[in-house]
Amino acid sequence: QVQLVESGGGLVQPGGSLTLSCAASGRTFIDYAMGWFRHSPGESVREFVAAITWSGGSGATTFYADTVKGRFTISRDNAKNTAFLQMNSLKPEDTAVYYCHADDNEYFKFGTSGYWGQGTQVTVSS
């Protein structure tokens with residue numbers, strides 16, 4: 001079992017920034033791809049946002065949805081078992097509940113397996 005606890009959500013104006021954190025416990029952190037998904041109002045499914053893997057040979061590899069590429073940055077601190085999502089240039093359409101995800105499956109970007117946090121609300125509004 002992997003336990004995930006998100007923090008850092010809140011209300012921000014368009015163009016502003018927020019950083020989400022996800023603290024993991026329970027299993028070997030570096031074995032898991034860490035990711036973020038979001039569930040927007042009116043949508044029926046969670047949308048992939050970003051993910052980061054770790055390899056002892058090549059280090060971190062990052063993946064982004066086209067909608068956030070260039071604005072969001074995902075990172076991980078393996079010593080602290082924590083993943084982060086730095087969100088810049090936020091837009092109203094980024095408003096959603098953001099979920100942290102941990103998965104040791106190669107299909108981690110689909111979110112069909114693995115572990116989930118409880119979610120944190122991000123609201124972008126003036």
Side-chain angles (χ1 to χ4, degrees):
Q1 286 283 350
V2 175
Q3 292 78 42
L4 302 171
V5 178
E6 302 105 332
S7 60
L11 173 65
V12 63
Q13 292 187 340
S17 299
L18 276 178
T19 299
L20 306 182
S21 300
C22 174
S25 61
R27 301 291 290 270
T28 304
F29 185 70
I30 59 174
D31 289 344
Y32 287 81
M34 299 299 298
W36 293 91
F37 287 69
R38 65 187 182 187
H39 192 180
S40 304
E43 298 293 332
S44 59
V45 297
R46 293 178 186 178
E47 172 193 20
F48 170 77
V49 176
I52 183 168
T53 61
W54 178 262
S55 165
S58 56
T61 301
T62 57
F63 306 83
Y64 295 95
D66 288 343
T67 52
V68 306
K69 199 172 295 183
R71 299 188 297 123
F72 291 11
T73 302
I74 189 170
S75 61
R76 63 191 294 161
D77 185 335
N78 294 331
K80 296 182 178 179
N81 288 359
T82 303
F84 304 93
L85 185 68
Q86 172 69 43
M87 305 184 292
N88 298 326
S89 302
L90 282 162
K91 305 174 181 180
E93 50 264 43
D94 294 317
T95 295
V97 178
Y98 283 72
Y99 294 89
C100 181
H101 178 240
D103 202 341
D104 61 357
N105 187 293
E106 62 181 304
Y107 303 108
F108 54 86
K109 286 189 285 184
F110 294 95
T112 54
S113 61
Y115 302 91
W116 296 93
Q118 80 286 355
T120 185
Q121 177 70 48
V122 172
T123 302
V124 185
S125 175
S126 55

Subject >> Inter-residue atom distance Asn81.CG - Leu4.CG, 0.5 Å rounding >> reply: 10.5 Å

**OP:** Applying side chain to side chain donor-acceptor pair (under 3.5 Å), name anything that partners Gln118, two or more places apart in sequence or on another chain.
**Re:** Glu6

**OP:** Provide the closest heavy-atom pair for Thr53 versus Ala33 in the form atom of the first, atom of the second, distance.
**Re:** CG2-CB, 3.7 Å

**OP:** Without swapping roles, check the side chain of Thr82 against the backbone of Lys80 for a donor-acceptor pair under 3.5 Å.
**Re:** yes

Original post:
Going through the distances and angles, do Met87 and Asp94 end up as a side-chain contact (heavy atoms from CB on, under 4.5 Å)?
Top reply: CA-CA 10 Å; Met87 305 184 292; Asp94 294 317; over 6 Å; no

Original post:
Going by atom types alone, do Ser126 and Gln13 pair a side-chain donor with an acceptor below 3.5 Å?
Top reply: no

Subject >> Trp116 side, atom CH2; Cys22 side, atom SG - distance, nearest 0.5 Å >> reply: 11.0 Å

**OP:** With side-chain contact (heavy atoms from CB on, under 4.5 Å) as the test, would you mind laying out the steps for Val68 and Glu47 before giving the verdict?
**Re:** CA-CA 11 Å; Val68 306; Glu47 172 193 20; over 6 Å; no

Original post:
Is a donor on one side and an acceptor on the other found under 3.5 Å between the side chain of Arg71 and the backbone of Ser89?
Top reply: yes

**OP:** Without swapping roles, check the side chain of Ser40 against the backbone of Ala96 for a donor-acceptor pair under 3.5 Å.
**Re:** no

Original post:
Does the gap between the ring centers of Phe48 and Phe63 come in under 6.0 Å?
Top reply: no

Original post:
Which heavy atom of Phe108 sits nearest a heavy atom of Ala51, and at what distance?
Top reply: CE1-CB, 3.6 Å

Subject >> Contact check, side chains of Ser17 and Val12, non-hydrogen atoms, under 4.5 Å >> reply: no

Original post:
Just by distance, with hydrogens left out, do Asp103 and Ser113 show a side-chain donor and acceptor under 3.5 Å apart?
Top reply: yes

**OP:** Give the C-alpha distance, both sets of side-chain angles, the deciding distance and a yes or no for salt bridge (Lys or Arg N to Asp or Glu O under 4.0 Å) between Lys69 and Asp66.
**Re:** CA-CA 5 Å; Lys69 199 172 295 183; Asp66 288 343; 3.3 Å; yes

**OP:** Look at the side chain of Tyr64 and the backbone N and O of Ile74, then say whether any donor-acceptor pair between them is shorter than 3.5 Å.
**Re:** yes

**OP:** Of all the heavy-atom pairs spanning Val97 and Gly119, show the shortest one and how long it is.
**Re:** CG1-CA, 3.9 Å

Original post:
Hey, are the side chains of Glu93 and Val124 touching, using non-hydrogen atoms and a 4.5 Å cut-off?
Top reply: no

**OP:** Flag yes if Trp36 and Tyr115 sit in one hydrophobic cluster, no otherwise; membership is Ile, Leu, Val, Met, Phe, Trp, Tyr, and two members link when side-chain heavy atoms are under 4.5 Å apart.
**Re:** yes

**OP:** Let me know which of Ile52, Leu20, Asp77 forms a side chain to side chain contact (heavy atoms under 4.5 Å, CB included) with Phe84.
**Re:** Asp77

**OP:** Check Pro14 against Ser125 and note the closest heavy-atom contact, atom names and distance.
**Re:** CD-C, 3.6 Å

**OP:** Is it possible for you to check whether Arg27 lies under 6.0 Å from the centre of the six-membered ring of Tyr32, through NZ or CZ, and within 45° of that ring's axis?
**Re:** no

Subject >> Met34 reachable from Leu18 in the ILVMFWY side-chain graph, under 4.5 Å edges >> reply: yes

**OP:** Drop me the distance from Gln121's CD to Thr95's OG1, to the nearest 0.5 angstrom.
**Re:** 7.0 Å

Original post:
Name the one of Asn88, Val49, Thr67 that satisfies side chain to side chain contact (heavy atoms under 4.5 Å, CB included) with Phe72?
Top reply: Val49

Original post:
Can we call the ring centroids of Trp54 and Phe29 under 6.0 Å apart?
Top reply: no

